[in-house]
Amino acid sequence: MKYDFCFLSPRRLGALVDRCALAASGLLVLFMVLGFAPDAEAIEPVKISRDDTALDLTATTEIYKRRGEAFQVSTAAGGDGIVRRIEVRSSSNQHSGDWAVFALANVTDEQIDRLIVAPHFRLVGSGLLWPDLGSARILSITPSEGFALDKVENSEDDVFRITLNPGTVITFVAELASPDLPQIYLWEPEAYKDTVNAYTLYRGIVLGIAGLLAVFLTILFVVKGTSMLPATAALAWAVLAYVSVDFGFLSKLISVTPGDERIWRSGTEVLLATGLVVFVFTYLNLNRWHTNLSYVTVAWILGLGGLFAVAIYDPPIASGIARMSFAATSVAGVALIAYLGFNRYDRAVMLIPTWALILCWLFGAWLTVTGQLANDIVQPALGGGLVLIVLLMGFTVMQHAFAGGAYHHGLFSDMERQAMALAGSGDTVWDWDVARDRLVTSPDLSPQLGLSPGALAGPARNWLPRIHADDRDRFRTTLDVLLEHRKGRLNHQFRMRAEDGHYHWMSLRARPVLGSNSEVIRCVGTIIDVTEQKTSEDRLLHNAIHDNLTGLPNRQLFLDRLETVISLAELNPNIRPSVFMIDLDRFKQVNDRLGMSVGDTILLALTRRLKRLLKPQDTLARICGDQFGLVLVSEQEAVKVAALAEAISKAISAPIDFAGQDIRLTASIGLVTWVENNAIPGDLMKDAELAMYQAKRFGGNRIEPFRPAFRTVGSDRQRLESDLRRALERNELTLVYQPIVELKDAEIAGFEALLRWEDPKRGTVPPSEFIPVAESSDLILELGMYSLKRAAEDLAQWQSAIGEIPVFMSVNLSSAQLLNSDLCNDVIKVISATQADPTHFRLELTESLVMHNPQQALMTLSRLADAGIGLTLDDFGTGHSSLSYLTRFPFKTIKIDKSLVVDQSEKGGILIRSIVNLAKRLDMQVVAEGVASEADAAMLSEIGCDFGQSFLFGPPIGKDSVQKLLRERFPVAKPS
């Protein structure tokens, strides 16, 4: 710098001034003529008084960009009014050719000491895209008088100390490190120190809160482990990193140059934007609402992750994108919270206060970075606002964490427990505000019925058009009675029509809520769709009284309807029912020749034929097997009844085309017409059966009306039934036991209980004679329970006399027992009464019994198996569908029919091996009946057959003989 000093008298000085002014004017004119402009104009000085503690010089500072290493400028007019011109040269290689000029005037009569301060970073006016992230602003300052100013060491600002003498006007030329000078202050030293100390205290408090919050949330994450806690903790650490850089705390820990600080600042802004995205996704659990939200979030986070690399090379670009991401996340969060809040998602509702604070912060930050909000307090205030946001987020997340812990440890009130139980049951809340006549359901029941949302909300009468016509009056009456009596509980089932026209069964359970005037003001309860339950109940009820194959009424329902018709006939002389019993001739041969599945198809075809001949008031039933019953009410005259019988016979005898062959069947039909009062339905049915049996005796394929003489024909059967009933009452029936042995060592494994009847008059009555009689009456149930009880008592007696012996007892079941709904309870009761182990019992039944009603049989057999009782499938290999029953039903043992065991052909051997291998793969035991020789027993044992039963191993013997045999076989058995 060059300075010219002159010491002249006032007169000569005035003349010199005039000549200099004239020369300057001429020089200016010359520059303008030649097309040149001066380097810099003189500026107005800023007047400083003693009371000015802080002056903003930004507006009065002139910035000159790209002026090179040498810069000339005109000074401000001094106290003498003279404008001088000075030249300043750069003193640092960091200089980019940018200069700043300002002038200060001390108008006091005292010397003034001040600090010139230029902050490295200033959020105010930094910009949204390509923001100014700060740098070193001023390299040096040269005054128009004296020496270059001394720079005060400071990590956050460029600070220079100046001294202004009384009445002086000094122009300062600042050598800039960057073309931007966002702000330059003139501070009184003590005031600057106090301000710095005040901000330091505030920043320390904010940093302490942010650090404690980040550590606390991290510890909470370690303790609780829920997914929302690490996301919140990560956001807290991001805020801590941001305020550490913004408040200059990072430079206290490590050495950071102004250039490196830009990278750190950009990185923390990217981290802050990433943390907010992760928090929103995790806290709102967005992946449960839509899969695409997960993909969008992952892509967003990956994009922000790439910004960390961009921040190293171009911090402004990375920071600008991060600021836009933060704003976009905040706006997207508004939409998500609104949508999830309307869907009653409690997390979204609880986030509303926090998000409102975020939006306020975002608005303030936008005003700040665009320069519309320029107060010095706004930057630290925004940093504190971020900490406050995370603090509020932490409270929200902790509320969920501790609430979850309360649920985990059972620390909740009865009201909360009831609310949780209601939510867990999935029931819909039914709430009727009686005072306002407004009915609502939560969740809305309308979508379940295919209606638009809220279609069922409003007055209760809106439900009436949707309720089935048969239930409408009952529904209205039920509500009226509840309102009238003002007590009780509502338990009502009704049908509601869905939008597709189908009806849904609804179960409504509610109770009234009384007001202060003891009137019903509300009715609250639950309503659930029980359509599937009602359908299952109807199906079970239908199967209980209908045939499983044809869907016709079974014997029980047939007798019930016959009794009803007889009651009507006694009151109305115009009703005269006739009873038909129809039995197919030689149907068993069709089953044996073509298989049971073909037989079932034939029965279905015949059922359709017969139903076409009848009218709605008539009842066609399947009594058993190939036997049908008919209660004819539509025809009264004998001629028409006979004509219908002929039509039935012709319909059955018409050929049935199956697989290219004609199948022809005939039927034996017996009929009886009701003629007297006080008739018993069972007697009418027996009379029709007697007529049917008479038709069969005459060769079948005929119609036989009942005549009283037929009763003498069946007297032997009736007498046998009467004697059998008397034998049961007198305990004349006995049990014998045939041994079942293990084939590998011929050791006794168990016994099969066989029923025997020694009649005083007839002698020994074979089971083939009295069992069918018992099955055709209700005696079979008594016989079955009698056999089971006697077998259990005898087994208990053997164990008491000999000790705990490893043998089992097999007892046969009949079809009537299997279809009895109380069978399981009766069996368990009988076994428990003898204190015998249920695992020592096995119940035997044939596949034909199971096929009569497979669904009910499955339920009964499953309950027996659950009780520990073994199940054996008897006569295996003689039917046509046994393989399917091995997997459907809980059988543990199969008995191979003796017809297969005695078959000595090659095919028979292959069949036996296949059956045994199949049983072993299904983890089942095998019993072979009818083993004829020791060689057969050895062969069966070799292929894996477990047990054998035949006269080779012993005939059926009495209980005393069994006890003697067991004592010989198990002499060392210990008493139980």
Side-chain angles (χ1 to χ4, degrees), residues 45-61 100 102-126 134-138 140-141 143 149-166 168 170 172 174 181-211 240 242-253 256 258 261 265 364 368 371 373-388:
V46 178
K47 297 179 180 180
I48 305 173
S49 66
R50 186 174 51 190
D51 298 329
D52 295 331
T53 58
L55 292 177
D56 189 354
L57 304 180
T58 308
T60 60
T61 301
F102 58 92
L104 302 177
N106 184 356
V107 297
T108 66
D109 55 358
E110 297 178 359
Q111 181 176 300
I112 297 177
D113 293 329
R114 291 291 185 267
L115 297 176
I116 298 175
V117 180
H120 289 172
F121 174 74
R122 183 171 167 81
L123 185 64
V124 175
S126 61
S135 64
R137 302 296 182 180
I138 301 176
S140 65
I141 299 179
L149 303 182
D150 295 333
K151 189 172 185 178
V152 180
E153 289 296 328
N154 194 297
S155 60
E156 299 182 21
D157 305 323
D158 291 327
V159 182
F160 296 86
R161 187 182 302 278
I162 65 171
T163 300
L164 298 177
N165 293 322
T168 58
I170 300 178
F172 297 89
L181 187 63
Q183 192 174 48
I184 182 169
Y185 275 99
L186 185 67
W187 280 94
E188 194 275 326
E190 292 300 324
Y192 176 71
K193 181 179 179 181
D194 293 340
T195 303
V196 170
N197 291 337
Y199 279 124
T200 301
L201 177 61
Y202 167 78
R203 291 171 177 175
I205 294 174
V206 172
L207 279 170
I209 295 174
L240 177 62
Y242 176 82
V243 295
S244 296
V245 174
D246 192 56
F247 290 173
F249 181 71
L250 183 65
S251 61
K252 303 294 190 300
L253 299 177
V256 179
E261 186 176 354
R265 193 178 303 279
T368 302
L373 191 61
N375 196 290
D376 290 340
I377 302 177
V378 66
Q379 183 170 337
L382 288 175
L386 279 177
V387 177
L388 181 60

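Contact record, Lys151 with Ile138: NZ-O, 3.5 Å, taken as the closest heavy-atom pair. The two residues Thr108 and Ile48 have their closest heavy-atom pair at CG2-O, 4.0 Å. Residue His120 comes nearest to Arg137 through the heavy atom pair O-NH2, 2.8 Å, listed as atom of the first residue, atom of the second, then distance. Of all non-hydrogen atoms in Val206 and Gly383, the two that sit nearest each other are CG1-O, 4.3 Å. Contact between Asp158 and Ala136 at its shortest, heavy atoms only, is OD2-C, 3.6 Å. Closest heavy-atom contact between Leu207 and Ser244: CD2-OG, 3.5 Å.
With a 4.5 Å cut-off on side-chain heavy atoms, Pro143 and Ile170 count as touching.
For the atom pair Ile209 CD1 and Ile205 CD1, the distance stands at 7.0 Å (nearest 0.5 Å). Within the model, atoms CG of Asp109 and CZ of Arg50 stand 7.5 Å from one another, a figure rounded to the nearest 0.5 Å. Rounded to the nearest 0.5 angstrom, Phe121 CZ and Ser135 OG are separated by 11.0 Å. Summarising the geometry, atom CZ belonging to Arg122 is positioned 7.0 Å from atom OG1 belonging to Thr58; distances are rounded to the nearest 0.5 Å. Between the CG atom of Leu164 and the CG atom of Leu186 there is a distance of 7.5 Å, given to the nearest 0.5 Å. Put simply, CG on Asn375 and OG1 on Thr368 are 9.5 Å apart, with the number rounded to the nearest 0.5 Å.
Under 3.5 Å, the side chains of Asn106 and Thr168 contain no donor-acceptor pair of N or O atoms. Between Tyr192 and Asp157, the side chains place a donor N or O and an acceptor N or O closer than 3.5 Å (distance only, hydrogens not considered).
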Quiz item: For Leu57 and Ile184, what are the C-alpha separation, side-chain angles and deciding distance, and is it a side-chain contact (heavy atoms from CB on, under 4.5 Å)?
Solution: CA-CA 5 Å; Leu57 304 180; Ile184 182 169; 3.8 Å; yes
Practice problem: Kindly determine whether Gln379 and Val124 satisfy side-chain contact (heavy atoms from CB on, under 4.5 Å), including the steps that lead there. | Solution: CA-CA 7 Å; Gln379 183 170 337; Val124 175; 5.5 Å; no
Exercise. Starting from the C-alpha separation in whole Å, work towards a yes-or-no answer on side-chain contact (heavy atoms from CB on, under 4.5 Å) for Trp187 and Arg114.
Key: CA-CA 6 Å; Trp187 280 94; Arg114 291 291 185 267; over 6 Å; no
Quiz prompt | Stepwise side-chain contact (heavy atoms from CB on, under 4.5 Å) test for Tyr199 and Ile377 | solution = CA-CA 9 Å; Tyr199 279 124; Ile377 302 177; 3.6 Å; yes
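A salt bridge is defined here as a Lys NZ or Arg NE, NH1 or NH2 lying under 4.0 Å from an Asp or Glu carboxylate O, and Glu156 with Arg203 meets this definition. Using a 4.0 Å cut-off between charged nitrogen and carboxylate oxygen, Asp113 and Arg161 do not count as a salt-bridge pair.
For the side chain to side chain contact (heavy atoms under 4.5 Å, CB included) test with Leu123, the passing option among Leu373, Val378, Leu382, Asp246 is Leu382; the others fail.
In this structure, Asp52 contributes its side chain and Ser49 its backbone to a donor-acceptor pair below 3.5 Å. No donor-acceptor distance shorter than 3.5 angstrom exists from the side chain of Tyr185 to the backbone of Ala54, with no hydrogens or angles considered.
Ring orientation note: the planes of Phe102 and Phe172 are close to parallel, at an angle under 30° on the 30°/60° scale.
For Asp150, the CG atom is loosely surrounded, since the number of other residues' heavy atoms within 6.0 Å does not exceed 12.
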